[in-house]
Each structure stands twice: as structure tokens, then as C-alpha cells.
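Data block below; observations after.
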There are 2 protein chains.
Amino acid sequence: MQPLKKRTFREQIVEELKNSILNGSLPLGSPVVEAELAKQFGVSRGPLREALRHLIEEGFLITIPYTGTRVATLSLDDVREVFSLRAELEVFAFKLIWNTRDEDFRNALQQLHTDLKQSIEKGDEDAAIAIELSLHSLVYERCGHKLLLQTWQSLKAKLQLYWVTHHRVHGRRGPRIDAHEAYVSLALGDDFDALAEEVRAHILNGFARTEAFLVAREQASSGQQAS
Amino acid sequence: MQPLKKRTFREQIVEELKNSILNGSLPLGSPVVEAELAKQFGVSRGPLREALRHLIEEGFLITIPYTGTRVATLSLDDVREVFSLRAELEVFAFKLIWNTRDEDFRNALQQLHTDLKQSIEKGDEDAAIAIELSLHSLVYERCGHKLLLQTWQSLKAKLQLYWVTHHRVHGRRGPRIDAHEAYVSLALGDDFDALAEEVRAHILNGFARTEAFLVAREQASSGQQAS
DNA sequence: AGATGATCGATTGTTGACAATCATAAACGA
DNA sequence: TCGTTTATGATTGTCAACAATCGATCATCT
């Protein structure tokens, strides 16, 4: 049987706004005014404010009292922090699950890897990024540590914000087709230290590629702006 | 100069309620009704609801739509998760700061250690617990990783809830006077691996002592209840 | 008696209006 | 012309009343 849960306005608004930010229809840094949104959703400002508060505490919005609210923007340093913390958490998740990896876990991991490669081959970047997130989420979901999973989900939201910021906007591409070969095979193997090394390398490399890309971009554009 | 920030009702209420929960004047699991609290604070339900939402998302309160809100309670498994995740984060914080530990950091650490031992000698349990938290917070504050600090602060709140739950209520005592000797001396030394080992042992031992204490209690009381 | 349906009080969810504050820019004086 | 002061519009903060929902109690029927 289903839980049959009622959904309050606030919850629906939170979900809608999160989607709008993540798919780009609410551009990063753009102002968000309560009265305007309330009218669009057809509700009063009360529930809408509570939804905004939720997103503010989750880091999606920033607000200045009596002045205004905007969609958050992530600096390169912010993104660096997300990646570095994520590397530690993911190694910890594998440490937790290491001795209880069952067939179900292995199959799910390989299935996601297959799906990921198919999406990349088809050229569907958005699907590839979504599946890559699912693949990395698997270990958090299966490791049996609720608090760790919750922490990861908070980080994941920031990661998605990062993709909207730097990939979609600046034209960066999704993952390479062979990017997860070592990750998956080591995650299925028996050498934990090797996996830990690979997880850290994989995640920090993902950031390094972006950083190099962005720094190069910035130098090019600053050269133009100097004229 | 100070930031001179205005404080909105919501922020003040959040702080007040958090204190009330942490110092025990709002017992764990006790009901919290909006209208009642609003009257006590002399504000309307609007700002009060937003404050409650804040505490709900932070894990201090749990709510059921249209039904009621209560102060949260932590299960032993919840506490175990807090401690285990904390161990990983604290090792990571030391890894970050390891090569940039300066005199200021070392002095602050030793000062807090001295204060901690004095409080324990004086028998001031509450002060000792507060200082112990400050001591462990130091590395997060100095490691230069804002997101890690933020994550730690969220965990710290749950730790404080844990102390209210299991120490104050069940009569457990604060830290031993020599509990941090190895921790501090290794944090000032040059052997990172030894420190990492000690941090994990120190934190997990803190939980193990509590777990043994509680399990023993439970067995005793269940023996009585069975009559 | 047991199960089923209606009633009632309590609590949260929602609303629209009002107040406080801020940023901008226009008006003013030296 | 420059700096200061004073309006003004926009936006968030706050309020009190109303609606929706839930849990328990009581009545009713078989």
C-alpha cells in the first residue's frame, strides 16, 4: 500500500522552485520577489515565504532582510569545497559498505554504468549527467548510514547547482565514456585502498578539469575586457 | 566595528528555542504548539512558524501536518551515526590544516585544553562539556573549509541534543580529565597517521562508553519492567 | 458488545492587509 | 558642483482572522 501522503503548498513550491533553478528557468543570481512568485503559483505569500526559507537554508537562495532575495551563485572556491568534501564522504560510504556488498549492489552498479555509457554514446548529455549522479548516489543509499545519505543529498544539490552554473552556461561537456571504468571495477573488487585512491582521484580530477577550463576562459575574457 | 545587524523575530526565536531545547526547559519529545509559543514570545504565528520550520529542517523538531509538532528525540542508532560521521570529518579537517598549523592554532588548542582540565577539576560538568565542544570545533574553524565547518556545526547541534538526551537525563558524566591528552599532543606533533588513529579512537570511544552505559541501563530497567 | 458513523475541540495550513525597512533618486543648500 | 537631506517606490517582515485537517469522544446501529 502507498503512504497516501497529502502535500502542502510549501512542499510543492519547494519542489517546483528547485526544478526551476536546476533546469535554468530561474537564472543564477536573478532576483526572486515573493509577491510575484505567489501570484504565479496562485497562493498567498505565507506558504511561499516558508518555501523560500527552506531553499535559503539549503543554499539555493540568498536573501538580505527587507531588501531582496536572489538565486544563489557558486564561486570556484565553493565548488572546490563541495568536491573535496564529497571525496571524503564517498570513500567513507565505501568503507561502510565494503564487507556487505551483495549481488544486488553489484548488479545495480553495473546496470547504472551500462546506462551511463549508452547515454553518452547517444549524445544525451543531460541524461548522462543525471545517471552519473545516480551512480555515485548508489553507495550512499546502500551503505545504511542515514545521516551520511542526508549529507550527500545536500551536497548533491550543490553539485547540481554547479552543473547549471559552469557546464550548461559555459558549454562544458558531461562525463567521458571511459571516466568510470576504473571506479566501477574497483568498487566491485577486493582492494579497498586502491578504490579509495581511485575515488579521490576520480572526484578531484572532475573538479580539476573544470577548474582548468574556467581559468582558461577567464584569462581569455579578461584579455578582451582590458581593451 | 561590528556588523550592526538587525535581528528579525524569526532569528531571535530560533536562537531562544534552540537554547530552551539544549538546556532542557523544553523536554525532548514534548509537544510544541504554535499558538502557545507565539503568545509566550508576544509575536504572531507567522514569524514563529518560520522559526519552527528552521528547527524542523535542522532536526530539532519533528512535525506531522495538521496534527502537531514535538521536540525531536535521538535513537541510539542516530547517535551512532553522528559519532561515526564526525570521526571522518574531524580527520579530514586535520588533514586540511596539517601543513598550515601556526603558533596561533597551537596556543589556542593548548589554552582550551587547560581550560577544559580546570573545569573538570572544579567539577563544573556543563562548562567542561561546552569547552570540550569548543576544543573540537577549533580545527574546523581554522582549517579554512567553510562547507566542512558548516557541516560540523550541523553535527554539533545533534551532539548537543545527544548530551541533553543521554547525559543530563541519565546522569552520565562529562569527559575524563585525561581524555584529551593524547588528542592534543598528537594534534601538535608531526605524525599525521597517529593523530588520525587517535581522533577516530577518541571519538568512537566516546560513543562506546555511552552505548555500554545505556545498554546496561536498559537491561536493568527491562528486568524491572518484566515483573 | 462490537463495529460504524457523526460530532467536537485542538492544531496546523492559508489568506489578505498592514507595518517596517531599504535602495534609489529627486530636491535642496552651501 | 558637490554633498546632504528628504521623498518615494519596492520588498520583506508582521499580524490577526479564517479554513482545512486530524484525533478522540460519543452516539448509533446491527
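Protein chains get the first letters and strands the later ones, always in sequence-line order, with residue 1 at the start of each. Because the structure is a prediction, the values reported are computed rather than measured.
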Dump the pairs, protein N or O against N or O of nucleotides 5-8 of chain C, anything under 3.5 Å, distances to one decimal.
none

- How about Glu58(A) and His54(A): does a side-chain donor come under 3.5 Å of a side-chain acceptor? yes

- Quick one: Lys39(A) NZ to dG16(C) C1', roughly how many Å, whole number? 14 Å

- Gln111(B)/Asp115(B) under side chain to side chain donor-acceptor pair (under 3.5 Å): CA gap, chis, key distance, verdict: CA-CA 6 Å; Gln111(B) 182 64 53; Asp115(B) 294 348; 3.0 Å; yes

- Query: What does nucleotides 7-19 of chain D look like as a protein-contact string, B for base, S for sugar-phosphate only, - for none, at under 4.0 angstrom between heavy atoms?
  - Reply: ----BBBBB----

- Query: Given the side-chain rings of Tyr162(B) and Phe83(B), with only the six-membered ring counted for Trp, is the space between their centroids under 6.0 Å?
  - Reply: yes

- Query: Are Arg86(A) and Glu90(A) close enough, and set up right, to give a salt bridge (Lys or Arg N to Asp or Glu O under 4.0 Å), and what steps lead you there?
  - Reply: CA-CA 6 Å; Arg86(A) 178 192 161 199; Glu90(A) 202 153 321; 3.3 Å; yes

- Query: In whole angstrom, what separates Arg70(B)'s CZ from dA10(C)'s P?
  - Reply: 17 Å

- Task: Could you verify whether a donor N or O on one side chain and an acceptor N or O on the other, from Asp77(B) and Ser75(B), lie under 3.5 Å apart?
- Result: no

- Note on the structure: Per the under-4.0 Å heavy-atom filter, residues of residues 12-20 of chain B near DNA chain D come out as none

- Between His180(B) and Pro175(B), the two heavy atoms sitting closest are CE1-CB, 4.2 Å

- Between Lys158(A) and Glu81(A), does at least one N-O distance fall below 4.0 Å, as a salt bridge requires? no

- Minimum-distance pair of heavy atoms, taken over all atoms of Gly59(B) and Ala72(B): O-CB, 3.4 Å

- Message: Does this structure show an ion pair linking Arg53(B) with Glu57(A), if we count only N-O contacts that are shorter than 4.0 Å?
- Response: no

- Identify the two heavy atoms, one from Leu89(B) and one from Tyr140(B), that lie closest to each other, and give their separation to 0.1 Å. C-OH, 3.7 Å

